[in-house]
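To start, the structure itself, in structure tokens.
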Amino acid sequence: MSEFIRNDQELRRLEELQHLRSAGINPYPAVFEKTHSSATILSTFSDEAPAASYAVTVAGRIMAIRKMGKATFCHIQDAEGKIQIYIKKDDLPEFYELLPMLDIGDIIGIEGYVFRTRTGEVSVHSRTATLLCKSLTPIPVPKEETDEFGNKIVHDAFADKEMRYRRRYVDLIVNPQIRDVFRKRSKIITTMRRFFDDRGWLEVETPILQPLYGGASARPFTTHHNALDIQLSVRIALELYLKRLLVGGLDGVYEISKNFRNEGMDKTHNPEFTMMEIYVAYKDYVWMMEMTEELVSTIAKEVNGSLEVEVGGNLINLAPPYRRATMFDLLKDATGMNLRGLNREELLIAARKLNVEVEATSSQMKVLDEIFSQTVQPSLIQPTFVMDFPVEMSPLAKAHRSEDGLVERFELYVNGDELTNCFTELNDPIDQRERLEQQASIRADGDDEAMQLDEDFLYSIEVGMPPTAGLGIGIDRLVMLLTGQDSIRDVLFFPQMKPENKQ
RNA sequence: GAUCCCGUAGCUCAGUGGUAGAGCAUCUGACUUUUAAUCAGAGGGCCGAUGGUUCGAGACCAUCCGGGAUCACCA
């Protein structure tokens, strides 16, 4: 923060830097050839092998220094873990003179051989040592201790959530276990991509800056393009552009990318979040349920080696098939009432009977949704496909083939949260126009989350989109599920924060 | 927006109206297999800010600033 006001510890490090430079040391050299990671050394060391011949070069950040006079032990941390370094004055007298100039947080490279210390720790006995980066700012140093029962006690942990999010780079150094969450996140996305690619579907990119936003009900961020002198919205969904590609004859397309919604933030919402949407021609939502089951279980197995995952105290089994139930059946089971076809006033009466709190101004669909989220949703712990929503809730989904007033749509709920959303996509241009005009009139009545009328999109649907199934997955929520995290902030490297305001 | 909570050393925190504290980190010295290394010493603070109550405030009160959590909003 206060870049120009340095504390005594920082001032001392600056002095050390000057000392090193005047001693002819480059504190920031360009390259270092390393041959081993800490984890590789620890996993391949054998007491039988002749230690002296096991030469390694490692590099990492100094996390602890224990000086014993003419010998010093350090722990350095690299991407995969920590390893102890043993430095003896006799072996490298010149470097040893510089040792007082080094601090926790500096990055060094060590060439040496692997051995086991008297107390049993596999370590690197250094023959040469090189400073690779002098650190000017002290990092919080947690200390770990193992008590007599083998429990790990961490002292002085860097635990302040706010600071951990703001200074994620420090968090990653000091709390290296969180790296696993992000490794899993990466693997989840890689696995998903491979799953789709193996089936011949095409990964595409569509515009983030859009003259008209659509595909979901949400408020957008807006910006201005100077050259064209127009207002552009930052996308809230991928849907409408991906469907245009279906019209264009691409039979299976998907996109994994950020969406942006100018709305509140909480444990499951961040203003920018990662969405995957996929559209496959000639398929419907029933097919997509099977595909979803296969996708989710494949990813879970690949990432966790297991189909069971514990999150929020619930043990969740992701083995297919998943329970399928219609929205109104679930509502009937939970409330004892048949809510299908009720108008706004009737739904309000039902809500009152059920002690569901709704705002007096809520629309019909909002009341229904509120009843659902308070009575049904919390019970959907094990994976459940909630099927067949009212048409008013789903302006881009195809009318149900046999049920009046409903559309062919499902949402997959796991652990009480919505994980995916899917429709048999609406490709009847007349019906689509009516629905979007309906949205436009709701919008005109003041609901700024209703969809805008996108004539070009309607034109594309008139050109003709094949029968298509579409699926959206909130990647962040999938990552939360598969890593057992209960806040979206813990699966994002840099969650949105209020700007830091120092007075 | 509502409610609740937090702000003391670089870090983690204690301090319940009477001279500002601990551990770690930092500095000096000792120590050639240590591991929260140890031992001996040292420095480091506008106690978030302002006002008030009081003989006396880090503590109590008010306001403000900074931040967090929960709720609401986000179908």
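Naming: A, B, ... by sequence-line order, numbering from 1 per chain.
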With a 4.0 Å cut-off on heavy atoms, is [X] in touch with a base, just the backbone sugar-phosphate, or nothing at all?
X	value
A:D90	base
A:K366	sugar-phosphate
A:K82	nothing
A:E121	base

B:rC71 base to A:D266 side chain: any donor-acceptor pair below 3.5 Å?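 Side chain to base: no pair below 3.5 Å.
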Does the B:rU33 base have a donor-acceptor partner in the side chain of A:R118 within less than 3.5 Å?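 Answer is no: no donor-acceptor pair is held.
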Which value, in whole Å, describes the distance between the [atom1] atoms of nucleotides [N] and [M]?
N	M	atom1	result
B:rA14	B:rC31	C1'	33 Å
B:rG67	B:rU8	P	15 Å
B:rC71	B:rC64	P	26 Å
B:rA30	B:rG17	C1'	45 Å
B:rU54	B:rA62	C1'	16 Å
B:rC4	B:rA40	C1'	48 Å
B:rC5	B:rU63	P	14 Å
B:rG45	B:rU38	P	26 Å

Atom [atom1] of [X] to atom [atom2] of [N]: distance rounded to whole Å?
X	N	atom1	atom2	answer
A:Y113	B:rU33	OH	C1'	11 Å
A:L14	B:rU26	CG	C1'	15 Å
A:K89	B:rU33	NZ	C1'	18 Å
A:K70	B:rG29	NZ	P	13 Å
A:M63	B:rA36	CE	P	16 Å
A:D106	B:rU26	CG	C1'	14 Å
A:I62	B:rU34	CD1	C1'	16 Å
A:R164	B:rG67	CZ	C1'	16 Å

Report the residue (A:Q374 or A:M393) whose heavy-atom-nearest nucleotide on RNA chain B is the more 5′ of the two.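 It is A:Q374 whose nearest nucleotide is closer to the 5' end.
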Closest-nucleotide 5' rank along RNA chain B - winner of A:K267 and A:H75: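 This one resolves to A:H75.
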Can you confirm if the aromatic rings of A:Y113 and A:Y54 lie within a centre distance of less than 6.0 Å?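 No; A:Y113 has its ring centre 6.0 Å or more from that of A:Y54.
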Can you list everything that forms a salt bridge (Lys or Arg N to Asp or Glu O under 4.0 Å) with A:R219? Sequence neighbours excluded, please.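 Here the qualifying residues are A:D448, A:E449.
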Pair assignment for [N], Watson-Crick or G-U wobble, requiring both distances under 3.5 Å:
N	value
B:rU38	B:rA30
B:rC46	none
B:rA72	none
B:rC11	B:rG23
B:rG18	B:rC55

[X] side-chain proximity, nearest of [options]:
X	options	answer
A:S123	B:rA25, B:rU34, B:rG68	B:rU34
A:A71	B:rC27, B:rU34, B:rU32	B:rU32
A:K88	B:rU32, B:rG68, B:rU33	B:rU32
A:Y86	B:rA25, B:rU33, B:rG68	B:rU33
A:D103	B:rU33, B:rU32, B:rC27	B:rC27

Taking atom types as modelled, find out whether A:T420 and A:R477 have a side-chain donor-acceptor pair closer than 3.5 angstrom.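 Looking only at side-chain atoms, A:R477 and A:T420 do not form any donor-acceptor pair under 3.5 Å.
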Cation-pi check, A:R409 onto A:F389 ring (under 6.0 Å, within 45° of axis):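 Yes, A:R409 and A:F389 form such a contact.
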First locate atom NZ of A:K398, then atom CD of A:Q432, and finally report the distance between them rounded to the nearest 0.5 Å.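 Those atoms lie 11.0 Å apart.
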OP1 or OP2 of B:rA37 sitting under 4.0 Å from any side-chain N/O of A:R66?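 Checking A:R66 against B:rA37: at least one side-chain N or O falls below 4.0 Å of OP1 or OP2.
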Do [Y] and [X] meet the salt-bridge criterion of a basic N to acidic O distance under 4.0 Å?
X	Y	value
A:R116	A:D47	yes
A:R185	A:D476	yes
A:K243	A:E239	yes

Polar atom pairs between nucleotides 40-47 of chain B and protein, under 3.5 Å, N or O only, would you list them?
none

Is the CD atom of A:E94 crowded by more than 12 outside heavy atoms at less than 6.0 Å?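 Open.
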Mutual orientation of the aromatic rings belonging to A:F493 and A:F182 [parallel < 30°, tilted 30-60°, perpendicular > 60°]: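 Ring orientation, 0 to 90° scale: parallel.
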